[in-house]
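Quick notes on the structure that follows.
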Amino acid sequence: MPAITLPDGSVRRFDGAVTGTTVAEAISPGLARAALAMRCDGELRDLVARIATDATVTLITRKDPEALELIRHDAAHVMAQAVQELFPGTQVTIGPAIENGFYYDFARNEPFTPEDFPAIEARMREIVARDDKFVREEWDRDEAIAFFQQRGEKYKAELIEDLPEDAVISLYRQGSWVDLCRGPHLRGTGDVGGAFKLTKVAGAYWRGDHRNAMLSRIYGTAWRDQKELDSYLHMLEEAERRDHRRIGRELDLFHLQEEAVGSVFWHPKGWRLYRTAEAYMRRRLDAAGYLEVKTPQLVDRSLWERSGHWEKFRDYMFIAQVEDEDRTYALKPMNCPGAVMIFRQGVRSYRDLPLRLAEFGACHRYEPSGALHGIMRVRAFLQDDAHIFCTEEQVADETVRFVDLLASIYRDFGFPEFKVKFSDRPAMRAGSDAVWDRAEQALKEACATAGVEYTLNPGEGAFYGPKLEFVLRDAIGRDWQCGTLQVDFVLPERLDAEYVAEDGGRRRPVMLHRAILGSLERFLGIVIEQYAGRFPFWMAPLQVVVATIVSDADAYAEEVAAVLRAKGLQVGVDLSRQKINAKVRDHSVQHVPVIAVVGRREAENRTVALRRLGGEAQEVLSLEEAAALLAAEAVPPDLGGPARA
RNA sequence: GCCGGGUUGGCCGAGUGGCUAGGCACCUGAUUUGUAAUCAGGCUCACAGGGGUUCGAGUCCCUUACCCGGCACCA
């Protein structure tokens, strides 16, 4: 006779077997209809699961967040059943709920295409209409393996074989269809509802390993009701409008072309944006005690051999040779060896540490063709890189300083929030396990000191050390690593960096590789999407357009522009013989933050009429007032501009 | 790199194997105009490159390049 504690704290006792259904019925008929699953002592379970002992039970209804995840998971099962009914011989593998939806990976000789969607969706709706109940069964391990093997489901059999010996093997039936699944599920296929849509197909390697077979993945999205689905689809359309590739073209910021795959052609406005970001970073790094350096682009192979890049990173390096010389060079894919070469010049003392060498380093990497993405993932990019040479004891303090600096800079660019991932030792690495133990430990302790909360990203570290990744999200919801902090005990050893310690002995410095924006290209891509091209005033590549109403005001318009330019503003002039309405529209579409309108009145009174992007009111000021006001607004946040206040 | 889908003028975008839409932009002329598109006329080597099938290919097939979506890889 279990005692069930409900969320409001009340306790109910039952005679005999208790399930979520029993509990729901005991509370109210309405809840009995609405309950889809339950949380039992914190664990999400089937509504019909038996509750054997005293427990705290929360019933899950459609409006709970957990329900949405279950709807998506169930939708994946329904899709898998539909696919197997329509395409016999297709094997099922795995099919989880993901953010905004679900997917299922299938093994089939002929991959699926979007043309298959209507038939699959129609069959899914039939299965939902059948409302077959989900029935959980627990199987003996060997019997389960035999069962799936005999059905030709070798992937499922393999999954079971790899489960731990003591794992519970659970299968879920829905009508005639059955799948290996941990569960839990909703009550029946009917609970999935109709608010789902298949969205895309993709190849995906079995178990995420490129050496394995390629499976055919179908993605779908699923929601509680049609309204939520519609609003999600609408959000996707909106996100498409923010795509930096589209805005880059529309605002004439940059372009890409076949002859230079993965390299950006920056147009004047785009380059202005780039320079604004770079100048801002330079000021921040100067203020934070960094010394800027510049190291060679083309470096002899021998240095890359010593650094370990030739062995570990060669597939990503552009190799260069010349006719008359029997040498092999490589375009630098990273700036670190160059920084070490500067550190090694002369004798360094412990008094020089920490030595923070910054470099706006242009790197080239031969990225896999399928990885390229607009300006976010390119083959030529500029890193706001720096290498901090310090002692092991200084690592924690340097980490704290770095994280503070990064957070402040992200805030200035409009990103108060970001994620942090901790990536530890990869399979392909340089340095002994003992060194990695020390490096990982040092970084973990530094995070604790800095108060950084992170998620673990196992096996994703750089080949020379563990790293923190600072991640921002683009308009479509994709995560991008921007900032990074990497602890390196390996390169100083390989490239023989050393300093004289207090006791006169020679020591190896620790090297912190760090970047804040990461690559200017990627970061600006995200900034473009963040603002959808409507940049804050201090960043806008074209801040003001002076637009005339009559040609009599042309000379005055030029004078206004000159006054504003003298204040350091980016100013355009529109003397074309169009109506002011057309000019306002043209420059508004180009997201120019301020249009300064001048007609006869303004020319006579030496005033300008300022019109803000998106606003309707105009503000008539004297030329001097307008210039002072706009100049003040254009001050970057780090120089006390309004953006930070 | 792998799987799938694409590639039609500067941009967007129609086009059952049979004379290649349309819109925006651009150019010319008229209009001197007061806050998100003035009117009229005109122009452009547009079917990604190569090969094939066919009396005939933007349309079907093969191939290369690039792009897009994922996967893998990564700032």
Side-chain angles (χ1 to χ4, degrees), chain A residues 103 105 110-116 199-219 243 245-246 249-250 252 255-259 261-262 313 315-316 333-335 361 363 365-374 376-379 381-385 423 426 428 460 462 467 469-472 476 478 480-484 486 513 515-523 525 547-554 577-590 595-602 609-618 620:
Chain A
Y103 69 78
D105 284 346
E110 182 93 354
F112 294 102
T113 79
E115 289 175 15
D116 298 320
T199 52
K200 53 198 174 192
V201 292
Y205 299 106
W206 168 234
R207 296 193 152 172
D209 189 325
H210 68 278
R211 290 164 300 196
N212 289 341
M214 173 120 345
L215 307 172
S216 185
R217 173 175 299 179
I218 301 178
Y219 282 94
D243 191 313
R245 294 165 296 196
R246 171 199 281 255
R249 183 174 59 241
E250 288 175 349
D252 194 20
H255 84 272
L256 298 152
Q257 69 183 53
E258 262 189 61
E259 292 80 357
V261 172
F313 209 75
D315 289 348
Y316 295 92
M334 296 184 193
N335 307 301
C363 295
R365 295 184 189 170
Y366 184 71
E367 297 290 340
S369 57
L372 301 175
H373 179 86
M376 304 272 216
R377 184 87 183 264
V378 289
R379 287 178 174 163
F381 54 97
L382 189 83
Q383 286 184 317
D384 61 322
D385 207 356
S423 299
M428 173 102 141
E460 299 292 327
K467 66 176 177 181
E469 297 177 22
F470 299 85
V471 175
L472 294 175
I476 316 168
R478 287 185 279 217
W480 295 93
Q481 180 192 325
C482 291
T484 182
Q486 308 170 1
H513 307 239
I516 291 175
L517 308 186
S519 104
L520 271 279
E521 285 73 6
R522 173 176 296 179
F523 192 82
T548 53
I549 294 172
V550 292
S551 51
D552 288 350
D554 286 0
R577 294 179 65 189
Q578 295 184 92
K579 284 189 176 176
I580 190 64
N581 302 42
K583 294 189 187 185
V584 165
R585 180 180 187 274
D586 286 350
H587 303 300
S588 298
V589 165
Q590 284 290 307
I595 301 174
V597 178
V598 295
R600 283 204 185 90
R601 284 204 300 265
E602 287 76 13
L610 300 184
R611 186 192 202 282
R612 308 278 174 165
L613 179 59
E616 306 207 338
Q618 50 169 327
V620 181

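Here is the naming used below: chain letters follow the sequence lines, and residue numbers restart at 1 for every chain.
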*State which of B:G70, B:A75, B:U35 makes the closest approach to the side chain of A:Ala202.*
B:G70
*asked:* Just to be sure I understand the rule, does A:Arg365 reach a base, reach only the sugar-phosphate, or reach nothing, if contact means heavy atoms closer than 4.0 Å?
replied: base
*Please step through side chain to side chain contact (heavy atoms under 4.5 Å, CB included) for the pair A:Arg478 and A:Met376, ending with a clear verdict.*
CA-CA 11 Å; A:Arg478 287 185 279 217; A:Met376 304 272 216; over 6 Å; no
*How is A:Ala515 classified with respect to the nucleic acid when contacts are heavy atoms under 4.0 Å: base, sugar-phosphate, or nothing?*
nothing
_What's the gap between B:G49 and B:U7 when it is taken at their C1' atoms, as a whole Å value?_
11 Å
*A:Met214 has a side chain; which of B:A75, B:G70, B:C73 sits nearest to it?*
B:G70
*When you measure from the side chain of A:Val201, which nucleotide among B:G4, B:U38, B:A75 comes out closest?*
B:G4
_With a 4.0 Å limit, can you tell me whether A:Ser369 has a side-chain N or O closer than that to the phosphate oxygens OP1/OP2 of B:G1?_
yes
_Starting the side chain at C-beta, find the nucleotide from B:A75, B:A37, B:A72 nearest to A:Ser519._
B:A75
*Taking A:Arg522 for its side chain and A:Val378 for its backbone only, find out whether a donor-acceptor pair lies under 3.5 Å.*
no
*Closest to the A:Tyr219 side chain: B:U35, B:U32, B:G70?*
B:G70
*Would you indicate, yes or no, if B:G69 has its OP1 or OP2 atom less than 4.0 angstrom from a side-chain nitrogen or oxygen of A:Arg478?*
yes
_Considering every strand and a 4.0 Å limit on heavy-atom distances, what is the contact class for A:Gly483: base, sugar-phosphate, or nothing?_
nothing
*How is A:Glu258 classified with respect to the nucleic acid when contacts are heavy atoms under 4.0 Å: base, sugar-phosphate, or nothing?*
sugar-phosphate
*Assigned partner base of B:C66, Watson-Crick or wobble definition, under 3.5 Å*: B:G6
*When the C1' atoms of B:G4 and B:U20 are considered, how many whole Å apart are they?*
30 Å
*How close or far is atom P of B:C24 from atom CD of A:Gln590, stated in whole angstroms?*
18 Å
*Provide, to the nearest angstrom, the distance between the CG atom belonging to A:Asp586 and the C1' atom belonging to B:C11.*
15 Å
*Where each residue is assigned the nucleotide of RNA chain B containing its nearest heavy atom, which of A:Glu602 and A:Arg377 is assigned the position nearer the 5′ end?*
A:Glu602
*Whole-Å distance separating the NE2 atom of A:His255 from the P atom of B:C67*: 12 Å
*Using a strict 4.0 Å threshold on nitrogen-to-oxygen distance, state whether A:Asp209 and A:Arg211 make a salt bridge.*
yes
*G-U wobble or Watson-Crick pairing nucleotide for B:G56 (cut-off 3.5 Å, both distances)*: none
*B:C73 C1' sits how many Å from A:Met428 CE, rounded?*
12 Å
*asked:* Nearest 0.5 angstrom please: A:Arg600 CZ to A:Thr548 OG1, how far?
replied: 11.5 Å
*Report the nucleotide, chosen from B:G69, B:A75, B:U38, that has the shortest atom-to-atom distance to any side-chain atom of A:Lys579.*
B:U38
*Is A:Arg249 close to A:His255 at the side-chain level, that is, under 4.5 Å between some pair of heavy atoms?*
no
*Determine: side-chain N/O of A:Arg245 to OP1/OP2 of B:G69, distance under 4.0 Å, yes or no.*
yes
*asked:* For a quick check of understanding: with a heavy-atom distance under 4.0 Å over all strands, which category does A:Val261 fall into, base, sugar-phosphate or nothing?
replied: sugar-phosphate
*Heavy-atom pair with the smallest gap, counting every atom of A:Lys583 and A:Ala547*: CD-CB, 4.0 Å
*asked:* Please report the distance separating the P of B:C60 from the corresponding atom of B:G15, rounded so that it comes out in whole Å.
replied: 13 Å
*Do any side-chain nitrogens or oxygens of A:Arg217 fall under 4.0 Å of OP1 or OP2 in B:G69?*
no
*Measure from the side-chain heavy atoms of A:Ser551 and tell me the nearest of B:U32, B:A36, B:G4.*
B:U32
*Over how many whole Å does the gap from A:Arg246 atom CZ to B:G69 atom C1' extend?*
16 Å
*Quickly work out the A:Ile476 CD1 to B:G69 P distance and round it to whole Å.*
6 Å
*Between B:G23 and B:A14, how far is it from one C1' atom to the other, in whole Å?*
11 Å
*Residue mapping more 5' on RNA chain B - nearest nucleotide basis, A:Asp243 or A:Trp480*: A:Asp243
*A:Glu259 near the nucleic acid: base, sugar-phosphate alone, or nothing, with a heavy-atom cut-off under 4.0 Å?*
nothing
_Is it the case that the side chain of A:Glu367 and the backbone of A:Tyr316 share a donor-acceptor pair, with hydrogens and angles ignored and the cut-off at 3.5 Å?_
no
*What is the nucleic acid contact for A:Glu521, judged by heavy atoms within less than 4.0 Å: base, sugar-phosphate only, or nothing?*
nothing
*Kindly say if A:Arg249 contacts the phosphate of B:G10, meaning a side-chain N or O under 4.0 Å from OP1 or OP2.*
no
*Using the C1' atom on both, measure B:U16 against B:G9 and round to a whole Å.*
25 Å
*What's the CH2-C1' distance between A:Trp206 and B:C71, to the nearest Å?*
15 Å
*According to a strict under-4.0 Å criterion, is A:His587 in side-chain N/O contact with OP1 or OP2 of B:U35?*
no
*If we take the P atom in both B:G17 and B:C12, what is their distance in whole Å?*
26 Å
*Just checking A:Ile549: base, sugar-phosphate only, or nothing, at a heavy-atom cut-off of under 4.0 Å?*
base
*In the structure shown, which nucleotide is the Watson-Crick or G-U wobble counterpart of B:G1, with both distances under 3.5 Å?*
B:C71
_What contact category does A:Ala547 fall into here, base, sugar-phosphate, or nothing, at under 4.0 angstrom with non-hydrogen atoms?_
nothing
*Have a look at A:Gly374 and say if it touches a base, only the backbone sugar-phosphate, or nothing, with a 4.0 Å heavy-atom cut-off.*
sugar-phosphate
*Tell me what A:Tyr103 touches on the nucleic acid: a base, only sugar-phosphate, or nothing, going by heavy atoms under 4.0 Å.*
nothing
*Could you give the CE-to-P distance, from A:Met376 to B:G70, as a whole number of Å?*
12 Å
*asked:* At 4.0 Å (heavy atoms only), tell me whether A:Gln481 reaches a base, stays on the sugar-phosphate, or touches nothing.
replied: sugar-phosphate
*Test item: A:His513 and A:Met334 side chains (from C-beta on) under 4.5 Å apart, heavy atoms*: no
*asked:* For a quick test of reading the model, state the closest non-hydrogen atom pair linking A:Glu602 to A:Ala609 and the distance between them.
replied: OE2-CB, 3.9 Å
*Quick one: is A:Lys467 getting a side-chain N or O under 4.0 Å of the B:A75 phosphate, OP1 or OP2?*
yes
_Distance below 4.0 Å between A:Tyr205 side-chain N/O and B:G70 OP1 or OP2_ = no
*Ring centroids of A:Phe112 and B:G4 base under 5.5 Å with planes under 30°*: no
*Nucleotide nearest A:Lys200 (side chain, heavy atoms from C-beta), chosen from B:C74, B:G69, B:U33*: B:G69
*Nucleotide opposite B:U28 in a Watson-Crick or G-U pair, distances under 3.5 Å*: B:A40
*Pick out which of A:Glu469, A:Lys467, A:Gln486 makes a side-chain hydrogen bond (donor to acceptor under 3.5 Å, both in side chains) with A:Ser423.*
A:Glu469
*Which of the following nucleotides, B:A72, B:G34, B:C66, is nearest to the side chain of A:Pro368?*
B:A72
